[in-house]
**Student:** 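Next up is a structure, given as structure tokens.
Residue numbers begin at 1 in each chain, while the letters A, B, ... track the order of the sequences.
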2 protein chains.
Amino acid sequence: MKYIDKLRNSGLRPTKQRLQICEVLFNTERTFHFTINELEQKIKDKIDNKISLATIYNTVHAFEKKGYLKQIPVNSNQTYFDTNITDHHHFYNLKDGKLIDLEKSDVGPINIKRKIDGKKIKSIEVLVKLED
Amino acid sequence: MKYIDKLRNSGLRPTKQRLQICEVLFNTERTFHFTINELEQKIKDKIDNKISLATIYNTVHAFEKKGYLKQIPVNSNQTYFDTNITDHHHFYNLKDGKLIDLEKSDVGPINIKRKIDGKKIKSIEVLVKLED
DNA sequence: CAGCTATTTAGAACCATTATAAACTGCAGA
DNA sequence: TCTGCAGTTTATAATGGTTCTAAATAGCTG
């Protein structure tokens, strides 16, 4: 019931699958990073019924388009998503492929001096790669 | 002959294929961004013989490991590489998927205030997404 | 030149993601 | 409550970038 309005207000029908995925993604103490496969596993663990992989892909993309999830730009064979949609950046641990949030206040202001005619900046994302 | 020493000094045998790929990648006025498919096409256009796709993958990865190429962290189904290995950042035009270099001097210093125990920073990469 | 190892190659395999098309479901209007 | 339609879900197939394989080839050292 918690997420019905959120979905309806976005023009997404509050189906059973979407509501269950909302529970897994948003009914948590902390935000987190995930790949589709990791999310699929989390869903399997938390709910009794089965949600098709295609539905998980569809839902994640729908939520991303509505701004409830963000993709994280990392070079990996899988796509990483973030339930933290605030303006922030990431450490990327090269050793194990794990991401760590860097709050905006951890990075300091970023001043882009160059402009491209007719274009505006949609987002600025910083990836800090870590090694041992 | 221009690239033989470069390869040998890196522990890479200067094979015909690697030398030809060097010509395409490095014997240019400007640096550029590319995907493997784009590079394959460029190679086809510039040389008469055929280089196997597997060799192109192998070579690009070998060059990346040696620091002659950099991967660019962008969410795309293909991996983007850059022949510009200086410390710099990128605009990413969401409309057409094209990248534009942002020199380090175009961005200003980036101050990462947070530290992770036992890890050091290998690189800091900024991706500035552009929309209309 | 001989022999060893690195490299190249074509093709198969892999695997994340997307497309398909049929079944199902939420919901607005009767 | 019932009906019907558009939006969703689903299993499965298809796609496509990348990696693997194992046999052939080519540098290189002695």
**Student:** Would you tell me whether Q41(B) and N37(B) have side-chain atoms, one donor and one acceptor, within less than 3.5 Å of each other?
**Tutor:** no

**Student:** Could you walk me through whether D132(A) and K119(B) pass the salt bridge (Lys or Arg N to Asp or Glu O under 4.0 Å) check?
**Tutor:** CA-CA 5 Å; D132(A) 289 320; K119(B) 294 284 175 186; 2.6 Å; yes

**Student:** Specify the residue among Q78(B) and A54(B) whose closest nucleotide of DNA chain D lies further upstream toward the 5′ end.
**Tutor:** Q78(B)

**Student:** Quick one: is T79(B) getting a side-chain N or O under 4.0 Å of the dT18(D) phosphate, OP1 or OP2?
**Tutor:** yes

**Student:** What is the separation between atom CD on E40(B) and atom C1' on dT8(C), rounded to the nearest whole Å?
**Tutor:** 15 Å

**Student:** Within this structure, what is the CD1-to-C1' distance between I56(B) and dC20(D), rounded to whole angstrom?
**Tutor:** 17 Å

**Student:** Atom pairs, N/O to N/O, protein against nucleotides 24-27 of chain D, distance under 3.5 Å?
**Tutor:**
unit_1  : atom_1 : unit_2 : atom_2 : d
dG27(D) : N2     : R13(B) : NH2    : 3.4
dG27(D) : N3     : R13(B) : NH1    : 3.3

**Student:** Can you check whether S52(A) has a side-chain N or O nearer than 4.0 Å to OP1 or OP2 of dT9(D)?
**Tutor:** no

**Student:** Give the nucleotide from the list dT12(D), dT9(C), dT9(D) with an atom nearest to the side chain of T55(B).
**Tutor:** dT9(C)

**Student:** Rounded to the Å, how far apart are N75(A) CG and dG17(D) C1'?
**Tutor:** 14 Å

**Student:** Under 3.5 Å, is there a donor on one side chain and an acceptor on the other for E125(B) and S123(B)?
**Tutor:** yes

**Student:** Kindly point out which of dT18(D), dT8(D), dT17(C) is positioned nearest to the side chain of I36(B)?
**Tutor:** dT18(D)

**Student:** Would you verify whether the NZ or CZ of K42(A) falls within 45 degrees of the ring axis of F32(A) while also being under 6.0 Å from that six-membered ring's centre?
**Tutor:** yes

**Student:** Can you measure F81(B) atom CZ to dG17(D) atom P for me and round it to whole angstrom units?
**Tutor:** 14 Å

**Student:** Rounding to a whole Å, what distance do you find between K50(A):NZ and dT8(D):P?
**Tutor:** 20 Å

**Student:** Can you measure F34(A) atom CZ to dA16(C) atom P for me and round it to whole angstrom units?
**Tutor:** 16 Å

**Student:** Among the nucleotides dT7(C), dT9(D), dT8(D), which one has an atom lying closest to any side-chain atom of R18(B)?
**Tutor:** dT7(C)

**Student:** Let's go through Y68(A) and S10(A) carefully: what are the C-alpha distance in whole Å and the side-chain angles of both, what is the deciding distance for side-chain hydrogen bond (donor to acceptor under 3.5 Å, both in side chains) to 0.1 Å, and is it a yes or a no?
**Tutor:** CA-CA 10 Å; Y68(A) 302 142; S10(A) 316; 2.4 Å; yes

**Student:** Verify the contact: side-chain N or O of N37(A) to OP1 or OP2 of dA16(C), cut-off strictly under 4.0 Å; return yes or no.
**Tutor:** yes

**Student:** Centre of F26(B)'s six-membered ring, under 6.0 Å away, within 45 degrees of the axis: is that where NZ or CZ of K6(B) sits?
**Tutor:** yes

**Student:** Could you walk me through whether F81(B) and I72(B) pass the side-chain contact (heavy atoms from CB on, under 4.5 Å) check?
**Tutor:** CA-CA 6 Å; F81(B) 294 90; I72(B) 305 171; over 6 Å; no

**Student:** Rounded off to whole Å, could you give me the CD1-to-C1' distance for the I51(A) and dC24(C) pair?
**Tutor:** 15 Å

**Student:** Return the nearest nucleotide to the side chain of Y57(A); candidates are dT18(D), dT8(D), dT17(C).
**Tutor:** dT17(C)

**Student:** From C-beta outward on L12(B), which listed nucleotide comes closest to its side chain: dT7(C), dT18(D), dA10(C)?
**Tutor:** dT7(C)

**Student:** Rounded off to whole Å, could you give me the CG-to-C1' distance for the N58(A) and dA19(C) pair?
**Tutor:** 10 Å

**Student:** I need the single residue from K70(A), Q71(A), H33(A) that forms a side chain to side chain donor-acceptor pair (under 3.5 Å) with D82(A). Which is it?
**Tutor:** H33(A)

**Student:** Ignoring backbone atoms, establish whether H61(A) has a side-chain N or O less than 4.0 Å from OP1 or OP2 of dT18(C).
**Tutor:** yes

